[in-house]
Amino acid sequence: MKKTVFFGALTVAGLAAGAAAAATLDDVKSRGKLNCGVSTGLVGFSAPDANGEWQGFDVAVCRAVAAAVLGDGNAVEFVPTTPKTRFTALASGEIDMLARNTTWTFSRDVDLKLEFVGVNYYDGQGFMVPKELGVSSATELDGATVCIQTGTTTELNLADFFRANNISYEPVPIETNAEAQQQYLAGACDVYTTDASGLAATRATFDDPGAHALLPEIISKEPLGPLVRHGDNAWADIVRWSMNALVAAEELGVTSANLSEMAAGTKNPEINRLLGTEGTLGEMLGLDATWAQNVIAVGGNYGELFAKNIGEDTPIGLARGLNAQWTEGGLLYAPPFR
């Protein structure tokens, strides 16, 4: 009898969660566009170009999800968010997902009732200083003024690092990367600290990037990735597997150039399942069989998106490093498509 009651409770809870989970997908389909939260502007990751079109590595994740659900990577409303407003925007339903260099932490996952669906960039916190400051290590920053975005993991990391090294600092609180850049270049702070990728992206926009140095210390783990609301299980699956499709496509050699050829069928069952020529993976997600083809068609696989937006041949100049495929010694790893 107890087993029956327990099962019944689980069934009711599951049905309730399922109804909530279906709501976001239904909302996106009914309005015909995805509302995606991004940063207020971080070149290479999410920023409007000269024509006002949003571009970047995180923007590509938004477009991939829109393509999976709506068949159109341009069917996205980009909503700029700050560190202070991003979680409220997601929790309130103003946005359907958040893709703006946000670190996956215990408290954000558990206490804020948010669901991180994976990591699209493995990062760590670093420091940028003017070369004329004559500093070669973060341990030499005793008494420095430090520009730091409020409402971020970098605040606690910074305090921990300086305390551990028995040195002091004076925080200069800022809310956006644009404000940080302005204050730093104006000399209001000696140092700017944030994710190392963000520092590289910011430095690339300077008139004289070579006058600024990224110090060697990386003082934290910053796994950055997209997130959705707790309870949106079906929606979380779609966002998660859209990102996984980008990663798997690179590993399997599926590119924007050979997508049509691969979609005609291959001898590799994994590729066939990914592209929908075999199996029913799209149906399981409540999407068309070609959902992953649509994801890849927007801008290519993970490697193509990395190279185009933030790679070594861009002004930002980031090496793959930890973000290389697991087969190349990195941490990038998509679960099997089966």
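Values reported hereafter were calculated over all heavy atoms of this structure, with side chains retained and with hydrogens, waters and symmetry mates removed. Because the structure is a prediction, the values reported are computed rather than measured.
The shortest side-chain heavy-atom distance between R100 and R86 falls under the 4.5 Å cut-off. For the pair L275/I296, a side-chain contact is recorded, criterion being any heavy-atom separation below 4.5 Å from C-beta on. Within the 4.5 Å cutoff, no side-chain heavy atoms of K113 are placed close to those of F87. In this structure, E115 and L227 have side chains that are not in contact, with every pair of non-hydrogen atoms separated by 4.5 Å or more. Taking the side chain as every heavy atom from C-beta outward, L287 and I238 approach each other to under 4.5 Å. Within the 4.5 Å cutoff, the side chain of M284 has no heavy atoms near those of the W241 side chain. Residues L285 and D237 meet the side-chain proximity criterion, which asks for heavy atoms closer than 4.5 Å. Looking only at side-chain heavy atoms (C-beta outward), L332 and R320 come within less than 4.5 Å of each other.
The closest donor-acceptor contact from the side chain of Q325 to the backbone of V247 lies under 3.5 Å. N268 places a side-chain N or O within donor-acceptor distance of the main-chain N or O of E270, the cut-off being under 3.5 Å. Panel note: side chain D96, backbone N35; a donor-acceptor pair is recorded below 3.5 Å. Side-chain N or O atoms of E155 include one that pairs as donor or acceptor with a backbone N or O of G151 at under 3.5 Å. One N or O on the side chain of N272 and one on the backbone of T266 form a donor-acceptor pair closer than 3.5 Å. Using a distance-only test at 3.5 Å, with no hydrogens or angles considered, no donor-acceptor pair links the side chain of S46 to the main chain of L42. Of the possible polar contacts, none joining the H230 side chain to the V110 backbone as a donor-acceptor pair under 3.5 Å is found. N294 contributes no side-chain N or O that, together with a main-chain N or O of A68, makes up a donor-acceptor pair within less than 3.5 Å. At least one donor-acceptor pair under 3.5 Å links the side chain of S92 to the backbone N or O of T88.
The aromatic rings of W326 and Y333 lie tilted to each other, with the angle between the two planes from 30° to 60°.
No path of Ile, Leu, Val, Met, Phe, Trp and Tyr side chains, each step under 4.5 Å between heavy atoms, connects M128 with Y121, placing them in separate hydrophobic clusters. Under the 4.5 Å side-chain heavy-atom criterion for ILVMFWY residues, a single connected hydrophobic cluster contains both L281 and L25. With hydrophobic clusters built from ILVMFWY side chains whose heavy atoms lie under 4.5 angstrom apart, V239 shares a cluster with L34. Hydrophobic clustering, with ILVMFWY side chains joined whenever heavy atoms are under 4.5 angstrom apart, keeps L322 apart from F306. I167 and V146 fall within the same hydrophobic cluster, defined by Ile, Leu, Val, Met, Phe, Trp and Tyr side-chain heavy atoms under 4.5 Å apart, directly or through other members.
Using modelled atom types and a 3.5 Å distance limit, the side chains of T139 and S137 yield a donor-acceptor pair. Counted by atom type alone, D142 and S168 present one or more donor-acceptor pairs between their side chains at under 3.5 Å. With hydrogens and angles left out, the side-chain atoms of E222 and S220 include a donor and acceptor closer than 3.5 Å. Between the side chains of T154 and T193, no donor N or O sits under 3.5 Å from an acceptor N or O.
Distance check: L215 CG to L133 CG gives 9.0 Å after rounding to the nearest 0.5 Å. To the nearest 0.5 angstrom, Y122 atom OH is 8.0 Å from W104 atom CH2. The line from CH2 of W235 to CG of D27 is 9.5 Å long, rounded to the nearest 0.5 Å. Taken from CD in Q293 to OG1 in T277, the straight-line distance is 7.5 Å, to the nearest 0.5 Å. Annotation: the span from E304 atom CD to L246 atom CG amounts to 10.0 Å, rounded to 0.5 Å. Rounding to the nearest 0.5 Å places CG of L318 at 12.0 Å from CG of D313.
Contact detail for V38 and C62: the closest heavy-atom pair is CG1-SG, 4.1 Å. When all heavy atoms of A75 and L70 are compared, the closest pair comes out as CB-CD1, 3.8 Å. The minimum heavy-atom distance linking F127 with E217 is given by the pair CD1-O, 4.4 Å. Nearest heavy atom pair, residue F161 against residue N165, reads O-ND2, 2.9 Å. In plain terms, the two heavy atoms of N301 and A249 that are nearest each other are CB-CB, 3.7 Å. When every heavy atom of T150 is checked against every heavy atom of E175, the shortest pair comes out as OG1-CG, 4.0 Å.
The side-chain hydrogen bond (donor to acceptor under 3.5 Å, both in side chains) with Q125 is formed by just one residue from the set T153, D195, N157; it is N157. Screening K33, R31, R63 for a salt bridge (Lys or Arg N to Asp or Glu O under 4.0 Å) involving E77 leaves a single residue, K33.
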Determine whether R229 and T24 satisfy the following criterion, side chain to side chain contact (heavy atoms under 4.5 Å, CB included), listing intermediate values before the conclusion. CA-CA 10 Å; R229 290 177 289 278; T24 304; 3.3 Å; yes
Evaluation steps, side chain to side chain contact (heavy atoms under 4.5 Å, CB included), between Y169 and L141: CA-CA 8 Å; Y169 69 98; L141 294 175; over 6 Å; no
Taking it one step at a time, do D190 and T145 satisfy side-chain hydrogen bond (donor to acceptor under 3.5 Å, both in side chains)? CA-CA 5 Å; D190 303 313; T145 53; 3.1 Å; yes
Passes side chain to side chain contact (heavy atoms under 4.5 Å, CB included), S39 versus F45? Steps please. CA-CA 8 Å; S39 72; F45 285 88; 5.9 Å; no
Please tabulate, for side-chain N and O atoms in residues 52-59, each donor-acceptor pair with protein atoms closer than 3.5 Å (sequence neighbours left out).
from : atom 1 : to   : atom 2 : distance (Å)
Q55  : NE2    : D49  : OD2    : 3.4
D58  : OD1    : N120 : ND2    : 3.2
D58  : OD2    : N101 : N      : 3.1

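Checked against a 6.0 Å centroid threshold, the rings of H212 and Y192 do not count as neighbours.
Around atom CD of E261, no more than 12 heavy atoms belonging to other residues, nucleotides or ligands sit under 6.0 Å away.
A salt bridge is absent between K29 and D26; no separation between the charged side-chain nitrogens and carboxylate oxygens falls under 4.0 Å.
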